[in-house]
Amino acid sequence: MTNQNRVFNFSAGPSMLPLNVIEDAAANLADYEGCGQSVMEMSHRSKEFGKIIEDAEANLREIMNIPDNYKVMFLQGGGTLQFAMVPLNLLRASKKADYVVTGSWAKKAYKEAAKFGDIKVIASSEENTFTYIPEITKEDIRPDADYVYVCYNNTIYGTHYPYIPDTGDIPLVADMSSCILSEEIDVSKFGLIFAGAQKNVGPAGMTIVIMREDLLGFAGDTVPTYLDYKTHAENDSMYNTPPCFAIYIAGEVFKNIKNMGGVGALNKVNVEKAGKLYDYIDASDFYQCPIREKDRSLMNVVFVTGDADLDKKFVAEAKAEGMVNLNGHRSIGGMRASIYNAMPMEGVNKLIEFMKKFEAENK
Ligand SMILES: *Cc1c(COP(=O)(O)O)cnc(C)c1O
């Protein structure tokens, strides 16, 4: 690290970006690659921006191995707007969809979809405060459902699907806001994948949508033009002014991932980072992780001391040592270390050292 003032930011989002990407963007801020202006100022119809968005898509396709029959779109409105766009576009025949509720984000998506059709919760882990991922099989799914919806990594509770649900011919929709690019994914198993950028990709303001082409074109006549995926797919994400700067930074992150050896190489590091942290928590009788072992997230590591005041003290003292935003989500308390792709191993090591010291001082 060249900038000694930088903290380790364990926030669930917005979160850390690779320092080399930030520094490179800073060097190009006023004069992007000699074109005399910043990416924030240039026309989205310019040759320069055209190359930025085309490269971003090409690199994302390459690192995620996205099949040709999938459209990639860079949209706005965050993960949250997708909670509405998904049902508005995919409730196309029976107007039925089946949802798996594994946390607050999945629940919000379910509630939004329920405005537009016959939406059924086919499994939920709420009775156990979302500490595990339910097993769902084809038998749980209504045979005429238009799609099945899952939240693949549950940012608040720290769970992650240990399997891709088999939905047969029924398209599977996945919210991957907090795990996209952290692991290799077989895109062909999904009908639609979406992810807000600010967790693992880039700045807030851009949302990635990866959608199987044959699912386009089913939005009804009353669906606003802007909320129809087809509008964006047919215009290469340039129906109107896109979030240019966010797309540019995301594109730089994609290049960076390529240079680091791809998503598989990153995943190895992620497994090591999360493994160290979980191993330490499990070995300690001071900290506990409430999440079922096989369902634990690589990205969001949730833990508690069992004493709310001690948890608060932990968060405050960690902050004083340059490790910020370790508090759990306001709805569940405790601690949460979000260790996305850009969190270096150094940050995880420093956190574990701090945890040991805190344990020794407060046991
Ligand atoms: C953060 C998050 C969202 C909401 O994202 P916004 O971009 O703030 O709308 C949705 N789903 C998951 C899994 C998230 O982590």
Side-chain angles (χ1 to χ4, degrees), residues 9-17 73-88 99-114 124-126 129-134 147-162 164-165 172-183 185 190 192-211 226-227 232 237 242-243 245-247 249-250 253 270 274 291 295-302 325 327-332 336-343:
N9 180 11
F10 290 91
S11 172
S15 43
M16 291 179 84
L17 285 168
M73 291 168 258
F74 299 131
L75 307 184
Q76 304 186 56
T80 302
L81 186 57
Q82 295 310 306
F83 300 165
M85 279 180 82
V86 164
L88 282 170
Y99 277 59
V100 183
V101 172
T102 49
S104 311
W105 294 119
K107 203 170 179 179
K108 278 192 173 151
Y110 159 71
K111 283 191 175 154
E112 190 73 357
S124 166
S125 48
E126 188 164 15
T129 48
F130 300 120
T131 50
Y132 71 100
I133 299 289
Y147 65 92
V148 175
Y149 182 101
V150 297
C151 180
Y152 209 62
N153 185 79
N154 296 279
T155 326
I156 295 174
Y157 299 91
T159 59
H160 174 273
Y161 274 73
I164 298 178
L172 177 62
V173 174
D175 177 356
M176 294 199 183
S177 293
S178 51
C179 62
I180 192 163
L181 300 174
S182 68
E183 63 188 309
I185 282 285
F190 298 86
L192 188 150
I193 291 169
F194 70 84
Q198 71 275 17
K199 311 280 164 70
N200 216 4
V201 176
M206 188 264 254
T207 307
I208 297 170
V209 174
I210 302 165
M211 183 177 188
Y226 202 69
L227 301 186
H232 302 283
S237 304
F245 196 78
I247 291 171
I249 298 294
V253 170
N270 288 333
I291 306 306
D295 301 335
R296 288 176 177 178
S297 169
L298 290 181
M299 298 284 100
N300 312 100
V301 178
V302 166
N325 295 317
N327 49 298
H329 188 266
R330 59 190 188 286
S331 60
I332 59 167
R336 171 178 52 176
S338 294
I339 49 173
Y340 297 115
N341 283 345
M343 171 61 68

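One-based numbering, in listed order, for ligands and for the atoms of each.
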By side-chain hydrogen bond (donor to acceptor under 3.5 Å, both in side chains), Tyr99 pairs with (sequence neighbours left out) Tyr147
Sidechain-backbone polar pair: Ser297 side chain, Met299 backbone, donor-acceptor under 3.5 Å:
yes
Using the six-membered ring wherever Trp is involved, compare the ring planes of Tyr161 and Tyr152 and label them parallel, tilted or perpendicular (cut-offs 30° and 60°).
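Aromatic pair Tyr161/Tyr152 classed parallel.
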Contact table ligand 1 N or O to protein N or O, d under 3.5 Å:
{"unit_1": "ligand 1", "atom_1": "7 (O)", "unit_2": "Gly79", "atom_2": "N", "d": "3.0"}
{"unit_1": "ligand 1", "atom_1": "7 (O)", "unit_2": "Gln198", "atom_2": "NE2", "d": "2.9"}
{"unit_1": "ligand 1", "atom_1": "8 (O)", "unit_2": "Gln198", "atom_2": "NE2", "d": "3.4"}
{"unit_1": "ligand 1", "atom_1": "9 (O)", "unit_2": "Gly79", "atom_2": "N", "d": "3.1"}
{"unit_1": "ligand 1", "atom_1": "9 (O)", "unit_2": "Thr80", "atom_2": "N", "d": "2.9"}
{"unit_1": "ligand 1", "atom_1": "9 (O)", "unit_2": "Thr80", "atom_2": "OG1", "d": "2.5"}
{"unit_1": "ligand 1", "atom_1": "11 (N)", "unit_2": "Asp175", "atom_2": "OD2", "d": "2.6"}
{"unit_1": "ligand 1", "atom_1": "15 (O)", "unit_2": "Thr155", "atom_2": "OG1", "d": "2.4"}
{"unit_1": "ligand 1", "atom_1": "15 (O)", "unit_2": "Lys199", "atom_2": "NZ", "d": "2.6"}

Counterpart residues, side chain to side chain contact (heavy atoms under 4.5 Å, CB included), relative to Ser338 (two or more places apart)
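Only Ala12, Asn300, Arg336, Tyr340 meet the side chain to side chain contact (heavy atoms under 4.5 Å, CB included) criterion with Ser338.
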Using salt bridge (Lys or Arg N to Asp or Glu O under 4.0 Å) as the criterion, list what pairs up with Glu112, not counting sequence neighbours.
Lys115
When the ring centroid of Phe74 is compared with that of His232, is the distance short of 6.0 Å?
no
